[in-house]
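If you read the sequence from its start, that first residue is 1, and numbering goes on from there.
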Amino acid sequence: MTGVQTCALPISQLDRVTSIFFNLNSAETNEEIQKLAQEISPLLSEFGNDIRLNEQLFKRVKAVWEARKELTLSKEQQMLLEKTYKGFSRNGANLPEEKKSILRDIDKKLSQLSLKFGENVLAETNAFELHITNEEELKGLPESTLEAAADEAKSRNKDGWVFTLNYPSYIPLMTYAENRELRKKMSFAFGSKAFQGNEYDNRENVKQIVRLRQQRAALLGYKTHAHFVLEERMAKSPENVERFLQDLLEKAKPAAEREFTQLANFAKKRDGIEELQKWDSAFYSEKLKQELFELDDEQLKPYFKLENVIDGVFTIAQKL
């Protein structure tokens, strides 16, 4: 859930309720939900720490952990014990009381800042609209996209078409709109969300989150926040991630450069584009795909309407 550190304990009714609540806050929020989230998030962070930093509870978990070699545990039980113990120890259970207090304060601040960060991005997303009244500017867009944009305009009591930064609106415009200036405007708006020096600017929030994460990691005995997070993941360490990325770069870069050159040449030949920009990539990739493979994603849409997708997912789940 947003901004809340969770420990490796079985999912509770509280986890289920809060996951649904914060999902709504991310996808379909309003002022009332956001106000509740600001109140609830610190409480959840504090509650999580009340469990993880409970000395008596941790003593019982630690006693089982230290006796694990003498116990006859299945692989599943061993994994549960390990995750439960680490859920406590990695989140401050072994700290002295004065450091536990500092940890609580950091976690509370992080929960609020993370929530504020997401709210700012969502507010910027909702605040932007591209209002078009001249249909000539929308050349290339599929009929389904135009219908959705017209419906959006009507919902805002406007004529013509309205495009937003929500993916169902943003992606089709970037993929199909022949009008390069529209694509550029949408690209800049999308890339500058919560980074415009207004009331929703996230730059200071990002700085504070980074500082607090580093303080938290150091408090728990880790070099960086990345070392803390990756310890329990497949990569294990930032050094392994760097090696993987470097290896991936060496292998993938030649192919990426070939594909970029092919795309740039195609854009220049088709429309005289001298320098391919980020707002061009989706559009010309789609056009090149259609030319090379005669494949159009729009033609596949009728087969993937919501009802078909839901039915397919449950059919696969039942078979599994």
Side-chain angles (χ1 to χ4, degrees), residues 26-27 121-122 124-153 160-196 241 244-306 308-310 312-313:
S26 298
V121 172
L122 185 61
E124 287 275 83
T125 301
N126 292 337
F128 177 87
E129 69 171 32
L130 178 66
H131 183 210
I132 304 296
T133 55
N134 182 4
E135 191 170 5
E136 284 296 312
E137 296 185 55
L138 303 177
K139 183 180 177 182
L141 289 174
E143 192 61 35
S144 60
T145 301
L146 291 173
E147 289 176 1
D151 289 340
E152 184 66 33
W161 302 264
V162 166
F163 296 88
T164 71
L165 297 180
N166 292 309
Y167 282 109
S169 179
Y170 175 76
I171 296 296
L173 188 142
M174 298 300 294
T175 305
Y176 297 105
E178 295 276 355
N179 190 321
R180 195 184 188 203
E181 283 303 310
L182 287 188
R183 300 199 309 267
K184 180 179 179 180
K185 185 173 183 178
M186 289 290 281
S187 178
F188 270 92
F190 192 89
S192 62
K193 287 187 292 185
F195 196 73
Q196 302 187 65
V241 173
F244 173 79
L245 290 176
Q246 187 60 41
D247 185 54
L248 183 63
L249 175 65
E250 292 173 1
K251 291 179 171 59
K253 188 176 180 180
E257 288 176 336
R258 286 195 303 270
E259 291 180 5
F260 181 83
T261 299
Q262 181 186 28
L263 192 63
N265 290 338
F266 174 76
K268 185 174 182 178
K269 180 181 177 181
R270 183 184 188 272
D271 294 324
I273 301 297
E274 292 294 335
E275 185 176 359
L276 202 67
Q277 300 289 348
K278 64 178 182 178
W279 49 86
D280 297 319
S281 58
F283 176 78
Y284 286 107
S285 293
E286 178 66 22
K287 291 293 179 286
L288 181 59
K289 182 173 66 176
Q290 291 176 8
E291 180 174 292
L292 294 177
F293 309 113
E294 296 183 359
L295 181 62
D296 185 353
D297 289 340
E298 283 297 307
Q299 294 179 7
L300 300 177
K301 277 189 175 181
Y303 301 98
F304 289 94
K305 63 180 182 179
L306 180 61
N308 290 355
V309 174
I310 292 174
V313 169

Decide yes or no on side chain to side chain contact (heavy atoms under 4.5 Å, CB included) for K278 and S187, but give the supporting numbers first. CA-CA 8 Å; K278 64 178 182 178; S187 178; 3.3 Å; yes
Check step by step if side chain to side chain contact (heavy atoms under 4.5 Å, CB included) holds for Q277 and R180. CA-CA 10 Å; Q277 300 289 348; R180 195 184 188 203; 3.6 Å; yes
When you look at E286 and Q290, which way does the side-chain hydrogen bond (donor to acceptor under 3.5 Å, both in side chains) test go after all the steps? CA-CA 6 Å; E286 178 66 22; Q290 291 176 8; 3.1 Å; yes
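Summarising the geometry of L146 relative to L141, their closest heavy-atom pair is CD1-O, 3.9 Å, with the distance given to 0.1 Å. The two atoms that bring E124 and L165 nearest to each other are O-CD1, 4.4 Å, heavy atoms only. Here the closest non-hydrogen pair linking L182 and E137 is CD1-O, 3.4 Å. Shown here for F283 and Y176, the closest heavy-atom pair between the two residues is CE1-O, 3.5 Å. Here the closest heavy-atom approach between residue R183 and residue A177 is recorded as NH1-O, 2.7 Å. Among all heavy-atom pairs drawn from Q196 and S192, the shortest one is CG-O, 3.2 Å.
Dense packing is recorded around NZ of K193, with more than 12 heavy atoms of other residues, nucleotides or ligands lying under 6.0 Å away. Within a 6.0 Å radius of CZ in F266, other residues, nucleotides and ligands contribute more than 12 heavy atoms. K289 NZ: more than 12 foreign heavy atoms inside a 6.0 Å radius.
Between atom NZ of residue K287 and atom CG of residue L292 there is a gap of 13.5 Å, rounded to the nearest 0.5 Å. Note that the CD1 atom of I171 and the OG1 atom of T175 stand 6.0 Å from one another [nearest 0.5 Å]. Here the straight-line distance linking atom NZ of K305 with atom CD1 of I310 works out to 11.5 Å at 0.5 Å rounding. The distance from atom OH of Y303 to atom CG of N308, rounded to the nearest 0.5 Å, is 10.5 Å.
Annotation: side chain of T125 is in contact with side chain of N166 (closest heavy-atom distance under 4.5 Å). By the 4.5 Å heavy-atom criterion applied to side chains, M186 and W279 are not counted as neighbours. Within the 4.5 Å cutoff, side-chain heavy atoms of L263 are placed close to those of S285. Looking at heavy atoms from C-beta onward, K301 lies in side-chain contact with S144 at the 4.5 angstrom threshold. Contact of the T164 side chain with the F128 side chain is not registered, since no non-hydrogen atoms from C-beta on lie closer than 4.5 Å. Side-chain atoms of L130 and V162, non-hydrogen and from C-beta on, never get closer than 4.5 Å to each other. With contacts defined as side-chain heavy-atom distances shorter than 4.5 Å, the pair F163/T145 qualifies.
Checked against ring pair (Phe, Tyr, Trp, His ring centres under 6.0 Å), F190 has the following partners two or more places apart in sequence or in another chain: Y167, Y170.
Checking side-chain atoms of N265 against main-chain N and O of Q262 turns up no donor-acceptor pair under 3.5 Å. A distance-only check finds no donor-acceptor pair linking the side chain of D271 to the backbone of I273 [under 3.5 Å]. One N or O on the side chain of T261 and one on the backbone of E257 form a donor-acceptor pair closer than 3.5 Å.
E178 and R270 are joined by a salt bridge, as a carboxylate oxygen and a charged side-chain nitrogen come within less than 4.0 angstrom of each other.
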